[in-house]
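Proteins get letters first, then strands, A, B, ... in listed order; numbering begins at 1 in each.
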Number of protein chains: 2
Amino acid sequence: MLSIGELSRETGVKVPTIRYYEQMGLITAPERSAGNQRRYSRAELERLAFIRHGRDLGLSIEDIRELLELSAIPDQTCAQANKIAADHLAVIREKILRLKKLEKELARIATGCKGHTIGECYVIESLSNHGLCADGH
Amino acid sequence: MLSIGELSRETGVKVPTIRYYEQMGLITAPERSAGNQRRYSRAELERLAFIRHGRDLGLSIEDIRELLELSAIPDQTCAQANKIAADHLAVIREKILRLKKLEKELARIATGCKGHTIGECYVIESLSNHGLCADGH
DNA sequence: CTTGAAGCTATAGTGGCTAGAGGGATTATA
DNA sequence: TATAATCCCTCTAGCCACTATAGCTTCAAG
C-alpha cells in the first residue's frame with residue numbers, strides 16, 4: 001500500500017494533481033488509513049501511469065476518460081481508441097504547422113531590427129503594421 | 001467614431017474580448033455615447049490591431065502590455081522589445097520540438113494497431129506501457 | 001413609433017491544474 | 001514515551017485568456 005506521496009514519486013504526478021484526478025473521477029477514491037489518509041494499490045498505480053502517459057502525449061482528460069472506459073471492455077472493437085489517437089495526431093500536426101508559421105514570422109521580426117531606438121524598432125513596427133507580414137496569420 | 005461592433009468587425013477581435021482588454025487595462029476606457037455606449041477613434045483601432053497581431057503571434061497579454069508601454073517612448077533603445085520577441089521565438093521553437101516528438105510517438109501508436117478488439121489494441125497497450133516509447137517524453 | 005439588432009453590466013464557467021490556510025496523522029529519533 | 005519533522009487532510013481561491021449567460025437599455029431603420 002502506497003501513500004499519496006509515494007504514488008506521486010513513482011508516477012511523477014504531483015500530489016494535488018492526483019487528488020484532482022480523483023475529484024474528476026479519473027481514478028476512484030482509494031482506501032483510507034485509520035487516520036483518513038489515502039492508501040493506494042498497484043492497480044491504482046498502473047491506472048495513474050496510464051493517465052500520466054496520455055497527458056504527456058497531450059490527450060485531454062476527456063480523451064483519457066474515454067480510453068479508460070474502453071480499456072475496461074476488452075472484447076469491444078478498438079476502432080474508437082484508434083479514432084481518438086488519430087484525431088489527436090491530426091490536432092498535433094495542425095499545431096506544428098501553425099507554430100512553424102509563427103516561428104518564421106517571429107524570426108523575421110526579431111532579427112530584422114537594426115535600429116537603436118523604439119522609434120525605429122522593427123519589432124514594434126511589425127506589430128503595428130500587419131501588412132509587413134508575409135503569411136496571412 | 002466606431003461602435004464596439006464596428007471595431008470588432010474591423011479588427012477581428014470579438015466584442016466581449018474588447019471589453020475584456022479594457023478591463024485588463026490594455027486599452028483605455030473610450031468615450032461613451034449619450035446612452036452610455038462605447039465609441040472608439042482610429043487611434044484605438046490601431047492599438048487594438050497591434051494587440052490582436054501580438055496575440056496572433058502567441059505573445060502573452062503581459063508581453064503585449066510591455067511592448068505597448070515601450071512603444072510610447074520612442075527615444076528609448078529597443079533592446080527590451082527585441083528581447084521579448086527573441087524570448088518568445090525561443091519558446092515557440094521549444095514547443096515545435098516537443099510537438100514533433102509527440103507527433104512521432106502518436107503516429108507510432110495510431111498506426112501500429114492491427115488488432116480488432118480492445119484487448120489487442122496497440123493504442124491502449126502503448127498508454128499502459130511506457131516502456132514501448134522510443135523517446136523519453 | 002415600433003421593432004429588431006446591438007449594446008450594457010455583472011457573474012459564472014472553461015481546462016488542468018497550482019497555491020495557500022489551518023489543521024490532523026505518521027514516523028524517526030532522543 | 002515525548003517530541004520534532006514530515007507528510008497528509010479539506011476547503012477555497014487563483015491562474016490564463018477568454019466565452020457564455022441573463023436581464024436589461026439604446027440605437028437605427030422603416
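Sorted by first then second residue, the side chain to side chain donor-acceptor pair (under 3.5 Å) pairs that include residues 13-31 of chain B, not counting sequence neighbours, are B:Glu22-B:Arg38. Within the structure, side chain to side chain donor-acceptor pair (under 3.5 Å) contacts touching residues 81-94 of chain A (residues at least two apart or in different chains) are A:Lys83-A:Asp87, A:Arg93-B:Glu103.
By the salt bridge (Lys or Arg N to Asp or Glu O under 4.0 Å) test, B:Arg9 pairs with no residue at all, sequence neighbours left out. Remark: B:Ser3 engages B:Glu6, B:Arg39 in a side chain to side chain contact (heavy atoms under 4.5 Å, CB included) (not counting sequence neighbours). Residues passing the side chain to side chain contact (heavy atoms under 4.5 Å, CB included) test with B:Thr117, sequence neighbours excluded: B:Glu120. Residues meeting the side-chain hydrogen bond (donor to acceptor under 3.5 Å, both in side chains) test with B:Ser33, sequence neighbours left out: none. In this view, A:Glu66 satisfies the salt bridge (Lys or Arg N to Asp or Glu O under 4.0 Å) rule with no residue, not counting sequence neighbours. Every salt bridge (Lys or Arg N to Asp or Glu O under 4.0 Å) that B:Arg42 has, sequence neighbours left out, goes to B:Glu10.
Of the residues in residues 28-36 of chain A, those placing a heavy atom less than 4.0 Å from an atom of DNA chain C are A:Ser33, A:Gly35, in numerical order. Across residues 2-13 of chain A, not one residue has a non-hydrogen atom less than 4.0 Å from an atom of DNA chain C.
At least one side-chain heavy atom of B:Tyr40 sits less than 4.5 Å from a side-chain heavy atom of B:Ile18. Contact check for A:Ile96 versus B:Lys100: side-chain heavy atoms found under the 4.5 Å cut-off. No side-chain heavy atom of A:Leu127 sits less than 4.5 Å from a side-chain heavy atom of B:Ile64.
Straight-line distance from the CD atom of A:Gln37 to the P atom of D:dC7: 12 Å, rounded to whole Å. Summarising the geometry, the separation between CZ on B:Arg19 and P on D:dA20 is reported as 13 Å, rounded to the nearest angstrom. Distance A:Glu22 CD to D:dC8 P: 14 Å, rounded to the nearest Å.
Here chain A contacts DNA chain C (any atom closer than 4.0 Å to a heavy atom, that is under 4.0 Å), and the contacts span C:dG16 to C:dT26 from 5' to 3'.
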With the criterion being N/O to N/O and under 3.5 Å, what pairs connect the protein with nucleotides 14-17 of chain D, and how long is each?
{"from": "D:dA17", "atom 1": "O3'", "to": "B:Arg55", "atom 2": "NH2", "distance (Å)": "3.4"}

Next item on the list: For the pair A:Glu44 and A:Ser41, evaluate side chain to side chain donor-acceptor pair (under 3.5 Å) and give the outcome as yes or no after the intermediate values.
Entry: CA-CA 5 Å; A:Glu44 280 155 320; A:Ser41 68; 3.1 Å; yes
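Residues B:Leu45 and B:Leu67 are members of one and the same hydrophobic cluster, defined by side-chain heavy-atom contacts under 4.5 angstrom among Ile, Leu, Val, Met, Phe, Trp and Tyr.
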